[in-house]
Amino acid sequence: AFFWLVSLLLASLIWFISVQLSDREDAKLQYSLLVFGAAVSVLLQEAFRFAYFKLLKKADEGLAMIGEDGRSPISLRQMAYVSGLSFGIISGAFSFINVLADSIGPGTVGIHGDSPYYFITSAFLTMALVLLHTFWGVIFFDACEKRRYWCLGLVVASHLLASGLTFLNPWYEASLVPIFILTFCTGLWSFFTAGGSFRNILKCLSCEQEGDHRVTMYSALQVPCED
Amino acid sequence: MLTFMNNSDSEEEPCNERTSLMSAESPPVPSYQDGLQASEAGEVQAHRKRRTGSSRSPNNVADGDMSDSGVPVRESASENEEEELTLKYGAKHVIMLFVPVTLCMIVVVATIKSVRFYTEKNGQLIYTPFSEDTPSVGQRLLNSVLNTIIMISVIVVMTVFLVLLYKYRCYKFIHGWLILSSLMLLFLFTYIYLGEVLKTYNVAMDYPTLFLVIWNFGAVGMICIHWKGPLQLQQAYLIMISALMALVFIKYLPEWSAWVILGAISIYDLMAVLCPKGPLRMLVETAQERNEPIFPALIYSSAMMWTVGMAKPDTAARGPSQQTWDAAEDGRENHRNPSHADSRMSETRNPVPTRPITSFEELEEEERGVKLGLGDFIFYSVLVGKAAATGSGDWNTTLACFVAILIGLCLTLLLLAVFKKALPALPISITFGLVFYFSTDNLVRPFMDTLASHQLYI
């Protein structure tokens, strides 16, 4: 979350400077500066995600060295999930909390001609974004780990795409539906990246107990190995 | 000077307790162990991500065993184990510190956002006599700097006074002071707080009920904090009084002075803890020499404490009794300023620097915890509360400051694990908090507002 905040800080610094240097009156220019600011912010977020990956990698090595059996207590996959989730949470919180706070107060949505579905679509968009960040985190870390740079590029591109789709916003069919499709696809991709498969799902759904029919012998000198 | 205080509600000098050190448990260290610990610290991984804040006692216990054989051969193995233990307990203790800090901040922010009283300007403390209602920016800045200087010098004087009292073993005075100050906090400030909350929600309450509630709350609080009580209840009370104190600060410190004071106090904290002649460091070292824990009522501890017998450390109760601190070691300091003695109530000030370095030799493993001074809680909450109060009603600023403070706390705990001695908890967190506050308020807020108005997401 801290890393995301720092990236947001830098992006808004850039945007702020660009706005100060530009002509305030020109609405088109301001809008395009906003687009520029959003794009810069997306790129910075991904850059900071990469920086966070590097930091976690180093920490992982340190933990592995200290650990009992040469492994660190949390795997890189878990770290990827947590990192993605926290990026998502802070991003969602920042996008949505002011809207939430305003929704308590007295007012009418869309009284000036904007869409009356502002709140509900914001809620859905935020949810999609949180999920997307989580999935991107998993895919990103895995791609960096296995050095598949095309995956990285694809993650960045899909982030840009998602952000760009929100620019179509009062036209909700064109923005919400594709974003949800994107979320679903990214979710599937990250599920397979994290090692899931159809068999896992079946096993999970059928609630099989592992090791029911086996007798495991533990040596007094050994820590029982975890399956 | 009384004329500066023109407030409607009864408000005298609040307890200004200042505890801004972060303690690490560090048992008394014989000289040979210093060498061991130095080498151990050198071996600590530079990129340890797990925040460790647990005490060094396992290290010392192991070192103690080593010392008899005098063989450094198994040193690395034992140090590895110790690091392993440190890590295992450390992460848990970091979480144990996150929870109370978060709770305190939540209470403060919730109150600020809902109860109007704490954001109204109703006069100032006498410690900040210069008003900020001046026409020019330069004048305002000057006034706030002067206010800060006065406040910090009062705190320094109080701290030095406390250290002197401690050095010359005037325990009764200190205890009396602390008891009076916590009395005031628990009864008076709670009464005011409850009154304002009831006013906000337009709830009618009669005086007998109010008296009963406050009497019970205060009496149980005094017992829990100064004597024995269930650990969680004690922690809850400490959180509540920190929140109350922070609310008082938020209400009575003028805008710019508050920010300058926050900055100045973290610098003071840094110096007072780390400089060889700093008062807080001397307090810690004196307590260590005497094998006494320091003022446990002013420290938030995240784990069970074994009772420590003051007279004979080696025969201290080793049983895993889950009692909290002895009554002998408590209190909060009150200071009676004679120049304000004519005010009807005692003004109490607490510049308490508490560094709980508890000297534990006994330490059986289980629950060794990290301790954090209550002043740290207070100033963290003041920062977040001010962000909530003055950030133009913006929640992003509050969130950003909250994250920044927690990350600063993590880093401090990491440093604690590396250096294994008392460290100031304020500087890093407050620096991050201030940076994030000003930058979020001025840079991020317009950006996010513009994005939100077009319903754009990044």
Side-chain angles (χ1 to χ4, degrees), chain A residues 1-2 4-6 8-9 11-13 15-17 19 30-31 34-35 37-42 45 55-56 58-63 65-68 73 79 90-101 114-115 118 121-122 125-126 128-129 159 162-163 165-167 169-170 175 179, chain B residues 43-52 79-88 90-91 113-114 388 391-408 410-411 414 432 435-436 438-458:
Chain A
F2 183 67
W4 187 88
L5 276 179
V6 175
L8 181 66
L9 203 76
S12 36
L13 180 65
W15 177 79
F16 192 74
I17 294 179
V19 164
Q30 294 298 317
Y31 192 71
L34 198 62
V35 175
V40 164
S41 160
V42 167
Q45 282 177 45
L55 184 65
L56 282 186
K58 284 220 175 98
D60 195 39
E61 287 162 15
L63 283 175
M65 278 201 269
I66 297 182
E68 295 172 333
M79 287 198 229
I90 190 78
S91 156
F94 257 66
S95 313
F96 199 52
I97 201 162
N98 280 331
V99 176
L100 267 184
D114 300 310
S115 159
Y118 184 82
T121 50
S122 292
L125 274 176
T126 313
L129 205 65
H159 194 166
S163 181
L165 280 173
T166 59
F167 279 81
N169 241 340
S175 68
I179 285 186
Chain B
E43 280 184 5
V44 163
Q45 312 279 344
H47 300 292
R48 198 190 293 177
K49 187 66 176 173
R50 279 281 183 78
R51 280 79 65 153
T52 66
E79 281 168 7
N80 257 350
E81 283 167 21
E82 288 151 17
E83 283 173 9
E84 178 69 21
L85 278 168
T86 318
L87 280 181
K88 254 198 228 157
K113 289 284 187 186
S114 54
S392 351
D394 189 31
W395 284 89
N396 285 347
T397 321
T398 314
L399 259 185
C401 289
F402 169 69
V403 172
I405 287 184
L406 284 186
I407 294 287
C410 279
L411 281 177
L414 190 63
F432 278 178
V435 164
F436 268 78
F438 286 112
S439 53
T440 311
D441 202 32
N442 298 322
L443 296 175
V444 176
R445 194 169 43 89
F447 187 44
M448 292 302 288
D449 282 346
T450 324
L451 284 178
S453 64
H454 296 277
Q455 210 175 10
L456 302 177
Y457 282 76
I458 49 169

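Excluded from the calculations below are hydrogen atoms, water molecules and symmetry mates; all remaining heavy atoms, backbone and side chain alike, are included. Nothing here was measured: the structure is a model prediction, and the numbers come from that model.
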* So do the side chains of A:Thr166 and B:Leu451 get within less than 4.5 Å of each other, counting heavy atoms only? ->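 Side chain of A:Thr166 against side chain of B:Leu451, heavy atoms only: no contact under 4.5 Å found.
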* Asked: Is there side-chain contact between A:Leu34 and B:His454, with at least one heavy-atom pair below 4.5 Å?
  ->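 Of all side-chain heavy-atom pairs linking B:His454 with A:Leu34, at least one is under 4.5 Å.
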Among the listed options [options], the residue most often paired with chain B at heavy-atom distances under 4.5 Å:
{"options": "A:Phe94, A:Phe16, A:Tyr31, A:Phe167", "answer": "A:Phe94"}
{"options": "A:Ala1, A:Ala11, A:Ser41", "answer": "A:Ser41"}
{"options": "A:Leu165, A:Val42, A:Leu100, A:Leu9", "answer": "A:Leu9"}

* **Which atoms of B:Ile407 approach chain A - backbone, side chain, both or neither, heavy atom under 4.5 Å** =>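 Only the side chain of B:Ile407 comes within 4.5 Å of chain A.
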* Asked: What residue in B:Asn442, B:Leu443, B:Asn396 has the most heavy-atom pairs under 4.5 Å with chain A?
  ->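 Highest number of heavy-atom pairs under 4.5 Å: B:Asn396.
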* To do: Could you tell me the separation between the CG atom of B:Leu399 and the CD1 atom of A:Ile90, rounded to the nearest 0.5 Å?
  =>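 Here the rounded value is 5.5 Å.
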* Asked: What's the spacing between A:Asn98 CG and B:Arg445 CZ if we round to 0.5 Å?
  ->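 If I round to the nearest 0.5 Å, the distance is 9.5 Å.
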* To do: May I ask you to decide if the ring planes of A:Phe2 and B:Phe436 are parallel, tilted or perpendicular, using 30° and 60° as cut-offs?
  =>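 The arrangement is tilted - the two ring planes meet at 30° to 60°.
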* Output yes when a side-chain donor or acceptor of B:Tyr457 lies under 3.5 Å from a complementary backbone atom of A:Ser122, and no otherwise. =>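 Indeed, once roles are kept as given, a pair shorter than 3.5 Å links the two residues.
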* Please name the pair of heavy atoms, one in B:Gln455 and one in A:Thr121, separated by the smallest distance, quoted to 0.1 Å. =>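 Shortest heavy-atom contact: NE2-OG1, 3.1 Å.
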* To do: Might you point out which heavy atoms bring B:Ile458 and A:Ser163 nearest each other, and give the distance in Å?
  =>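 Residues B:Ile458 and A:Ser163, closest heavy atoms: CA-OG, 3.9 Å.
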Side chain, backbone, both or neither: which part of [X] has a heavy atom under 4.5 Å from chain B?
{"X": "A:Ser175", "answer": "neither"}
{"X": "A:Ile17", "answer": "neither"}
{"X": "A:Glu61", "answer": "neither"}
{"X": "A:Leu129", "answer": "side chain"}

